[in-house]
Amino acid sequence: MVRDIAPLLDNKWSDPAVVVVDSNLNFAIPLLGGHHGANEISRKIAELGAVPVLTTATEVHGKPSVEGIADRFGCEVFNKESTIAVNCALLDQQIEVLEVKGPRIVIVDEDVSVLVRKKTG
């Protein structure tokens, strides 16, 4: 399967969530896009009896991810490269989520994830 989909892959932000399920419905394993829907799909498949095998560090340790927080608040991650540092920090400490209403100018370091609310309508 990996070889079949490899030529179709571009990057973690645009690739689809891919979950592998064995033929006996024992396990549901997110192969791609754990933080981008595959973990959630695996949990839904678990309702059919499969064991979800989640391997993203934040999920394994029961911590939120930047991507999950963005989804919960209806946002998109503006500076995607920041998620590596922030997700690592989320494993060790509580990270405050600040909401800044504009108009404002916000200056942040590289290890600060900026979430922008999705436009509705």
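- Remark: Asn26 pairs with Asp22 by the side-chain hydrogen bond (donor to acceptor under 3.5 Å, both in side chains) rule, at least two apart or across chains.
- Summarising the local packing, CD of Glu81 is surrounded by more than 12 heavy atoms from other residues, nucleotides or ligands at distances under 6.0 Å.
- In terms of heavy-atom proximity, Pro52 sits nearest to Ala46 at CD-CB, 3.7 Å.
- Other cluster members for Ile84: none, since no ILVMFWY side-chain heavy atom sits under 4.5 Å from it.
- In this view, His35 satisfies the ring-ring contact (aromatic ring centres under 6.0 Å, His included) rule with no residue, not counting sequence neighbours.
- Listed by chain and number, the residues in a side chain to side chain contact (heavy atoms under 4.5 Å, CB included) with Ser14 are Asp10, Asn11 (sequence neighbours excluded).
- Partners of Ser113 under the side-chain hydrogen bond (donor to acceptor under 3.5 Å, both in side chains) rule, at least two apart in sequence or in another chain, are Ser82.
- Nearest approach of Ala85 to Asp111, heavy atoms of both residues: CB-CB, 3.8 Å.
- Taking hydrophobic clusters as Ile, Leu, Val, Met, Phe, Trp and Tyr residues chained together by side-chain heavy-atom distances below 4.5 Å, Val18 does not share a cluster with Leu8.
- Contacts of Glu99 classified as salt bridge (Lys or Arg N to Asp or Glu O under 4.0 Å), with partners at least two apart in sequence or in another chain: Lys101, Arg117.
- Applying the side chain to side chain contact (heavy atoms under 4.5 Å, CB included) test to Val77 and every residue at least two apart in sequence or in another chain returns Trp13, Val66, Ala70, Asn79, Lys80, Thr83, Leu115.
- Between Pro30 and Val53, the shortest heavy-atom contact is CD-O, 3.1 Å.
- Listed by chain and number, the residues in a side chain to side chain contact (heavy atoms under 4.5 Å, CB included) with Gln93 are Ala89, Ile95 (sequence neighbours excluded).
- Taking each heavy atom of Gly34 and Thr56 in turn, the nearest pair found is CA-CG2, 4.1 Å.
- Under a 4.5 Å side-chain heavy-atom criterion applied to ILVMFWY residues, the cluster that includes Val112 comprises Phe78, Val100, Val106, Val108, Val114, Val116 as well.
- Between the OG1 atom of Thr55 and the CG atom of Leu31 there is a distance of 9.0 Å, given to the nearest 0.5 Å.
- Side-chain heavy atoms closer than 4.5 Å link hydrophobic residues (I, L, V, M, F, W, Y) into clusters, and following such links, possibly through other members, connects Val20 to Val2.
- Counting heavy atoms from C-beta outward, Ile5 and Leu32 have side chains that approach closer than 4.5 Å.
- A distance of 5.5 Å separates OG1 of Thr58 from CG of Asn87, quoted to the nearest 0.5 Å.
- Listed by first and then second residue, the salt bridge (charged side-chain N to carboxylate O under 4.0 Å, His left out) pairs that reach into residues 49-60 are Arg43-Glu59, sequence neighbours excluded.
- Note on residues 61-77: pairs passing salt bridge (charged side-chain N to carboxylate O under 4.0 Å, His left out), not counting sequence neighbours, are Lys12-Glu67.
- Listed by chain and number, the hydrophobic cluster partners of Leu25 are Val19, Val21, Ile41, Ile45, Leu48, where partners are ILVMFWY side chains within reach of under 4.5 Å, directly or through others.
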